[in-house]
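So the structure is just underneath, and the comments pick up after that.
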Amino acid sequence: MIQRARLSERYFARHADDVAVSLIGAVLLVNGAGGRIVETESYDPEDPASHSYLYRRTARNAVMFERPGLAYVYRSYGLHWCLNFVCHGGSAVLIRALEPVEGLRAMKRRRETRDPHKLCAGPGRLCQALAVDGSLNGASLLAKPFALFRRPGAVEIAAGPRIGISKAREAVRRFGEKDSPFLSRRFPPNA
DNA sequence: CGATAGATCGGCT
DNA sequence: GCCGATCTATCGC
């Protein structure tokens, strides 16, 4: 890794849309395995698709209301894990895909895949590759086992509707590195 | 290719 | 009970 500027709590204490955009190209490692974030989605309490909709607190989403810079990890469809970065006031950014850079061997072993394009392309796959599970829910992103580094230079950002949701489908809150082969899905041409 | 079923947990109508 | 911020295998064209 060339750029080693760590992210701070203040980095996360912004509007989730801004955090989601600036995270594209940032480096995420968990116990030394990970790579460049290439796809994110933002959620907040005004958003019908969000677990924090209308500031409704439950045992599952409690971490979203604690403080910026925490990991919110939840179980999806009963079997996958999904990793979010908690932002300001009940908002969060879902980490959907990354470009594998470090710890390839460990990630391939955990995913039982050799294709680097399928290692971390999707929130569930990403968590499996990085060994993220419920035990990391509420953990600080600024300390071990996490390591987060600011994106070194400019990246070309694409935006579009989020994936796999039934509410607020129109909202443009999915962001990614345009044309990256490591996305979970390509962005629709157009906008 | 695209469509679909199934796995399986927590939160809510 | 039912549905979801998912993924994989397995159909059918």
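Excluded from the calculations below are hydrogen atoms, water molecules and symmetry mates; all remaining heavy atoms, backbone and side chain alike, are included. Letters A, B, ... mirror the listed sequences (proteins, then strands); counts begin at 1. What you see is a predicted model; the values in this text were computed from it and never measured.
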Rounded to whole angstroms, how far apart are NZ on A:K118 and P on C:dC7? 13 Å
Rounded distance in Å between the P positions of C:dC13 and B:dA5: 15 Å
Rounded to whole Å, the CG-P distance (A:L119 to C:dT8) equals 11 Å
For A:R174, report the nucleic acid contact type (base, sugar-phosphate, nothing); a contact means any heavy atom under 4.0 Å. nothing
Suppose we screen for salt bridge (Lys or Arg N to Asp or Glu O under 4.0 Å). Which residues come up paired with A:R162, at least two apart in sequence or across chains? A:D47
Grab the NE2-P distance between A:H51 and C:dC3 for me, whole Å please. 16 Å
Spacing between A:R186 atom CZ and B:dG2 atom P, to the nearest angstrom: 14 Å
Report yes if a donor N or O on one partner sits less than 3.5 Å from an acceptor N or O on the other, where the partners are the side chain of A:Y77 and the base of B:dA7; otherwise report no. no
Of the candidate nucleotides B:dC9, C:dT6, B:dG11, which contains the atom at the shortest distance from the side chain of A:R75? B:dC9
How does DNA chain C read in dot-bracket, base by base from 5' to 3', with Watson-Crick or G-U pairs under 3.5 Å and | used when the partner is on another strand? ||||.|||||||.
Rounded to whole angstroms, how far apart are CG on A:D17 and P on C:dA5? 17 Å
What's A:R60 touching, base or sugar-phosphate or nothing? Going by heavy atoms closer than 4.0 Å. sugar-phosphate
Considering only atom P, compute the distance from C:dT10 to B:dT8 and round it to an integer number of Å. 16 Å
Is the closest side-chain donor-acceptor distance between A:Q128 and A:R110 under 3.5 Å? no
If only atom types and distance count, is the side chain of A:S52 paired as donor or acceptor with the main-chain N or O of A:G90 below 3.5 Å? yes
By the 4.0 Å heavy-atom rule, please label A:N61 as base, sugar-phosphate, or nothing. nothing
Candidate list A:V19, A:L141, A:L148, test side chain to side chain contact (heavy atoms under 4.5 Å, CB included), partner A:Y11, passing option: A:V19
Both A:L126 and A:G78 contact DNA chain C. Which one's nearest nucleotide lies toward the 5' end? A:G78
Donor-acceptor under 3.5 Å (A:R111 side chain, A:M107 main chain): no
Would you say whether A:Y43 stacks on C:dA5? The test is a distance between ring centres of less than 5.5 Å and an angle between planes of less than 30°. yes
Anything under 30° is parallel, anything over 60° is perpendicular, the rest tilted; go ahead and classify A:Y72 against A:H51. perpendicular
Below 4.0 angstrom from OP1 or OP2 of C:dT8, is there any side-chain N or O of A:R111? yes
Decide if atom CZ of A:R185 counts as having more than 12 heavy atoms of other residues, nucleotides or ligands within a radius under 6.0 Å. no
Need to verify one output field. Residue with the more 5' nearest nucleotide on DNA chain C, A:V93 or A:R125? A:V93
Touch class at under 4.0 angstrom, heavy-atom based, for A:G124 against every strand present: sugar-phosphate
Identify whether any heavy atom of A:R173 sits under 4.0 Å from a base atom; if not, whether one sits that close to sugar-phosphate; answer base, sugar-phosphate or nothing. nothing
Under 4.0 Å from OP1 or OP2 of C:dA5: is there any side-chain N or O of A:S76 that close? no
Contact class for A:L94 (heavy atom, under 4.0 Å): base, sugar-phosphate, or nothing? base
Whole Å only: how far is the NE2 atom of A:H80 from the P atom of C:dA5? 13 Å
Expressed in angstrom and rounded to an integer, what is the separation of A:E39 atom CD from C:dA5 atom P? 16 Å
Between A:T113 and A:D115, a side-chain donor and acceptor under 3.5 Å: no
